[in-house]
A.B. asks: 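After the structure tokens below, expect a handful of questions from me.
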There are 2 protein chains.
Amino acid sequence: MAVFLSTYVNKVDRKGRVSVPASFRAVLAEQSAGVADGVIVFRSLQHPALEACSERHMEALAEALEKADLDDETRDLWETNVFAGSVLLPIDAEGRVILPQDLAEFAGITENAAFVGRNKVFQIWQPETFRARAEQARTQGRNAGLSLSSLTAAARRTPQP
Amino acid sequence: MAVFLSTYVNKVDRKGRVSVPASFRAVLAEQSAGVADGVIVFRSLQHPALEACSERHMEALAEALEKADLDDETRDLWETNVFAGSVLLPIDAEGRVILPQDLAEFAGITENAAFVGRNKVFQIWQPETFRARAEQARTQGRNAGLSLSSLTAAARRTPQP
DNA sequence: CACAAAAGCCCATGATATCCCATGGCAGTC
DNA sequence: GACTGCCATGGGATATCATGGGCTTTTGTG
């Protein structure tokens, strides 16, 4: 299993701890030489939600940023958004993380948190906010005529290097 | 953990001391044979803020400057701004530094200081000034359609030698 | 040479995160 | 249907970290 899949809603305890779903931890571990000791979390640019990925994924991002041909201002924006805005949350022995207050507030998370698999990354939402968003996404997807066959067709049109 | 990540706001006490975030000290230590005994600080060329890095990184920067293909004026600018304007601040046993008055004034730092991770270096800002900058960076990033995929795509377009 | 200010050093403290162990539910198994 | 694990959840003990204050040493200055 190499991608983050499904949605899980877990409780935030009074200390601010939340369990990262076991299957997500497995994916993180796979990308980090066996043990999932930490996860990178940052604010989504599009939604009132948090994005999360493995350290390795972040390293790849950092590398891409160094190599990318960007003007100074754009690079500065990236570095501010990516590095300054991210946190590395350690995962404890029970598989939990503590969401920093400012990030939890940004996503409106208090009692519960929804972990949403999104392929290479996952998101953390306030469950009710996510439910609304998911419903909207379904409608939009149907209207746009999304289907699995259209996706695989699109993939065939743009072969990978 | 090999990079400076996240943003931390710490207090400046009446003696002018500020704690360097523990995770930043860890990165500095990693680059300096175990112990973080000092940090290089100089004025940012783009912002009303301070740039900081390890001694080792500054040495690498100096080397890069020698090799770089720059005209005399640019080189001169670099040398006056960065090297002449740099200080090596000792880190005390509790992990704090004292910001020299002129540098603190340059960044407008009085009560609090924001330590901003930026991959290989970090910045020190007056927290409110940084908050404004971060917000601007978010907005511009969103408008410019900054996304993880667009970044990795940009990196692919400029392969390294 | 004396004195004041600044810088460095040591220790104290409260808040917070980290570690460790316990419990209960749910699923699959024998 | 009892048993066995995994997994989410909870709570208490301990370590870490940011912060603050006092005291000594250095520095710079009259």
Side-chain angles (χ1 to χ4, degrees), chain A residues 1 4-30 34-41 52 55 86-105 109-117 122 124-125 127, chain B residues 1 4-30 34-39 41 52 87-105 109-117 122 124-127:
Chain A
M1 191 193 320
F4 298 104
L5 212 63
S6 314
T7 297
Y8 305 83
V9 176
N10 288 340
K11 271 194 184 174
V12 180
D13 71 18
R14 80 178 61 176
K15 288 180 172 182
R17 299 177 298 190
V18 217
S19 287
V20 176
S23 71
F24 285 17
R25 297 200 308 262
V27 178
L28 289 171
E30 191 175 296
V35 279
D37 53 346
V39 56
I40 303 280
V41 177
E55 287 184 71
S86 297
V87 292
L88 171 60
L89 302 183
I91 297 181
D92 71 17
E94 286 72 38
R96 295 173 289 195
V97 294
I98 300 182
L99 292 179
Q101 266 199 332
D102 55 339
L103 291 182
E105 274 173 28
I109 293 169
T110 54
E111 309 273 291
N112 295 286
F115 290 78
V116 181
F122 63 90
I124 310 176
W125 289 71
Chain B
M1 192 196 321
F4 297 102
L5 210 67
S6 311
T7 298
Y8 305 85
V9 176
N10 287 340
K11 275 193 183 172
V12 180
D13 69 19
R14 77 179 62 176
K15 289 177 170 184
R17 301 177 297 190
V18 219
S19 287
V20 176
S23 71
F24 285 17
R25 297 200 307 262
V27 179
L28 290 172
E30 193 176 294
V35 278
D37 54 347
V39 56
V41 178
V87 291
L88 171 59
L89 301 184
I91 297 180
D92 72 16
E94 284 72 38
R96 294 174 290 196
V97 294
I98 299 181
L99 293 178
Q101 265 200 332
D102 56 340
L103 291 182
E105 276 172 25
I109 293 169
T110 55
E111 309 272 291
N112 295 286
F115 290 78
V116 180
F122 63 92
I124 310 176
W125 289 69
Q126 197 283 322

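These figures come from a predicted structure and were not determined experimentally. Naming convention: chains lettered A, B, ... in sequence-line order (proteins, then strands); numbering from 1 in each chain.
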A.B. asks: How long is the straight-line distance from CD of Glu94(A) back to CZ of Arg25(A), given to the nearest 0.5 Å?
C.D. replies: 9.0 Å
A.B. asks: How close or far is atom P of dT16(D) from atom CG of Asn10(B), stated in whole angstroms?
C.D. replies: 19 Å
A.B. asks: Under the 3.5 angstrom rule, does the side chain of Asn10(B) hit a backbone N or O of Ser19(B) as a donor-acceptor pair?
C.D. replies: yes
A.B. asks: Can you see if the side chain of Arg14(A) gets near the phosphate of dG10(D) - specifically, an N or O under 4.0 Å from OP1 or OP2?
C.D. replies: no
A.B. asks: Do Leu99(B) and Val12(B) have side-chain heavy atoms sitting under 4.5 Å apart?
C.D. replies: no
A.B. asks: Of the listed nucleotides (dC17(D), dG20(D), dG10(D)), which one gets closest to any side-chain atom of Ala22(B)?
C.D. replies: dC17(D)
A.B. asks: Once you round it to whole Å, what is the distance between P of dC6(D) and OH of Tyr8(A)?
C.D. replies: 17 Å
A.B. asks: Expressed as a whole number of angstroms, how long is the span from Lys15(A):NZ to dA15(C):P?
C.D. replies: 16 Å
A.B. asks: Measure CG/Leu89(A) against C1'/dT18(C) and give the value in whole Å, please.
C.D. replies: 14 Å
A.B. asks: Can you tell me the distance, in whole Å, between the CD atom of Glu94(A) and the C1' atom of dG24(C)?
C.D. replies: 15 Å
A.B. asks: Would you mind reading off the distance between Leu88(A) atom CG and dT18(C) atom P, rounded to a whole angstrom?
C.D. replies: 10 Å
A.B. asks: Parallel, tilted or perpendicular: which one describes the rings of Phe115(B) and Phe122(B), with boundaries at 30° and 60°?
C.D. replies: tilted
A.B. asks: Give the rounded distance in Å between these two atoms: CZ of Arg17(B) and C1' of dC9(C).
C.D. replies: 10 Å
A.B. asks: Kindly say if Lys11(A) contacts the phosphate of dA8(D), meaning a side-chain N or O under 4.0 Å from OP1 or OP2.
C.D. replies: no
A.B. asks: If I take atom CZ in residue Arg96(B) and atom P in nucleotide dC9(C), what distance separates them, rounded to the nearest angstrom?
C.D. replies: 12 Å
